Amino acid sequence: MTDQEQLSEQFERHRPYLRAVAYRMLGSTSEAEDAVQESWLRLSRSDADSVANLRAWLTTVVGRVCVDMLRVRRWRREDYVGGALPEPMLRAVADDDPEAEALLADSVGLALLVVLETLAPAERLAFVLHDMFDVTFDEIAPALGRTPVATRKLASRARRRVRRASPDQDAEPSLQRRVVDAFLAASRAGDLDALVAVLDPDVVFRVDLGSAAPARAPTTGAGAVARQILARGRPLAPLGRPTVVNGRPGVLVVSNGRPLAAVSFAVANERIVEIDVVADPAKLRNLHG
């Protein structure tokens, strides 16, 4: 095996971790792949023999790449590609599926990615690497060109903003799924009262139809959200299949084998507090019905 082949093999062992970092930074699976590939190109052109800790080195590089991509996106005044929500990541779920239960308990939801988008790129990197991946501030600082103390302050500021904007959610995956099942049953039956009962009074409902459709402001309030769901979503309710969307209970709406929407739910105090619907065809192109 050549030195380059050995280096490629080492890199591939880190690829899932790097992809996870990049996705949390960018909210786009395709852009995350681009960032990971760029980190490989930089590694292949570097003096790899001088790298003492490959994982730390790659984390720094992919972090820098993502920060640069976010800054370009902001300079162009872009939001997430095609709309207000990130590209969803799905996993099929079956009854008594321990792996799915673990994903429900430990993942990053669409709602959190929306909150992360409000952070400055440097704040986002400091928070993502430290709070989500346990990277030390000494390791994060080089990616930002700042001191560890300054990096710690960035993460602390980001953490406060995330906590203010993120609802506390029920931790028990089976409870989350029961609440979502009740929502789906009420939607399919067209039962307004039952639907309102499962929604938090301040529920937030976001829909991303893509760049070809006018942007929609979120709908808030149990009554308004329930009425909108029954008016527009009831015909699609029977087409929904239970799934895990970004580690949260969700639904994939499929017609004739083609995904029409991915729906993610956030549950707190046994009620749904947030519903995120990704119906942008560009963001669903890699999903399979």
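In this text, all values refer to a predicted model and were calculated from it rather than measured experimentally.
- A heavy-atom distance below 4.5 Å is not found between the side chains of C66 and E31.
- Residues V245 and G250 share a closest heavy-atom pair of CG2-CA, 4.0 Å.
- Residues E87 and S30 bring a donor and an acceptor atom of their side chains to less than 3.5 Å of each other.
- P86 is listed as a side-chain neighbour of V114, based on a closest heavy-atom distance under 4.5 Å.
- When all heavy atoms of L252 and T243 are compared, the closest pair comes out as N-CG2, 3.6 Å.
- Note: E9 CD to E12 CD = 9.5 Å, rounded to the nearest 0.5 Å.
- Remark: A194 engages A186, D191 in a side chain to side chain contact (heavy atoms under 4.5 Å, CB included) (not counting sequence neighbours).
- Of all the heavy atoms in A158 and E123, the pair that sits closest is CB-O, 3.8 Å.
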task = List the steps and the verdict of side chain to side chain contact (heavy atoms under 4.5 Å, CB included) for L26 and M69.
result = CA-CA 8 Å; L26 300 168; M69 293 173 73; 4.0 Å; yes
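- Using a 4.5 Å heavy-atom cutoff, the side chains of S39 and F11 are in contact.
- Of the possible donor and acceptor atoms, none in the side chain of S8 sits under 3.5 Å from a partner among the backbone N and O of E5.
- Between F137 and H130, the angle of the ring planes stays under 30°, which puts this pair in the parallel group of the 30/60° scheme.
- Each of R160, K153, R152 was compared with S156 under the side-chain hydrogen bond (donor to acceptor under 3.5 Å, both in side chains) criterion, and only R160 meets it.
- Remark: the backbone N or O of A279 is not paired with any side-chain donor or acceptor of D208 at under 3.5 angstrom.
- At least one side-chain heavy atom of W57 sits less than 4.5 Å from a side-chain heavy atom of L43.
- With rounding to the nearest 0.5 Å, the separation of CG in L113 from CE in M25 is 11.0 Å.
- For the side chain to side chain contact (heavy atoms under 4.5 Å, CB included) test, residues two or more places apart in sequence or in another chain that qualify with R178 are S174, L175.
- With hydrogens and angles ignored, the 3.5 Å screen pairs a side-chain donor or acceptor of T147 with a backbone N or O of A150.
- Of the inter-residue distances, the one linking R248 atom CZ with Q176 atom CD reads 6.5 Å to the nearest 0.5 angstrom.
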- Evaluate the criterion side chain to side chain contact (heavy atoms under 4.5 Å, CB included) for residue pair V253 and V251; output intermediate values, then yes/no. CA-CA 6 Å; V253 180; V251 174; 4.2 Å; yes
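- In this structure, the separation between OG on S264 and CZ on R206 is 9.5 Å, given to the nearest 0.5 Å.
- Residues F265 and E274 fail the side-chain proximity criterion, which asks for heavy atoms closer than 4.5 Å.
- Annotation for L18 and T59: closest pair CD2-N, 4.2 Å, computed over non-hydrogen atoms.
- A donor-acceptor contact under 3.5 angstrom links the side chains of T136 and E139, judged on distance only.
- Looking at heavy atoms from C-beta onward, R258 lies out of side-chain contact with V254 at the 4.5 angstrom threshold.
- In this structure, N269 contributes its side chain and R271 its backbone to no donor-acceptor pair below 3.5 Å.
- Residue N256 places its CG atom among 12 or fewer non-hydrogen atoms of other residues, nucleotides or ligands, all under 6.0 Å distant.
- For the atom pair CG of L199 and CD1 of I272, the computed distance is 5.5 Å after rounding to the nearest 0.5 Å.
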Exercise. Determine, step by step, whether E117 and R124 satisfy the side chain to side chain contact (heavy atoms under 4.5 Å, CB included) criterion, reporting the C-alpha distance in whole Å, the side-chain angles of both residues, the deciding distance to 0.1 Å, and the verdict.
Key: CA-CA 8 Å; E117 178 64 10; R124 186 167 181 168; 3.0 Å; yes
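- Checked against side chain to side chain contact (heavy atoms under 4.5 Å, CB included), I229 has the following partners two or more places apart in sequence or in another chain: F183, S187, L195, F205, V225, I275.
- Heavy-atom minimum distance, T60 versus P142: CG2-C, 4.2 Å.
- The CZ atom of R161 sits 10.5 Å away from atom CG of L116, with the distance rounded to the nearest 0.5 Å.
- Under the 4.5 Å side-chain criterion, counting only non-hydrogen atoms from C-beta, D276 is not in contact with P88.
- Not one N or O on the side chain of R71 forms a donor-acceptor pair closer than 3.5 Å with the backbone of A120.
- Residues L209 and D280 have side chains not in contact (no heavy-atom distance under 4.5 Å, counting atoms from C-beta outward).
- The cationic group of R159 does not satisfy the cation-pi geometry with F127, failing either the under 6.0 Å distance to the six-membered ring centre or the 45° limit from the ring axis.
- For A126 against I140, the heavy-atom pair with the smallest separation is O-CD1, 4.0 Å.
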Does the pair V198 and V179 meet the rule for a side chain to side chain contact (heavy atoms under 4.5 Å, CB included), with working shown? CA-CA 7 Å; V198 80; V179 173; 3.6 Å; yes
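- V204 and L112 end up in different hydrophobic clusters when Ile, Leu, Val, Met, Phe, Trp and Tyr side chains are linked at under 4.5 Å.
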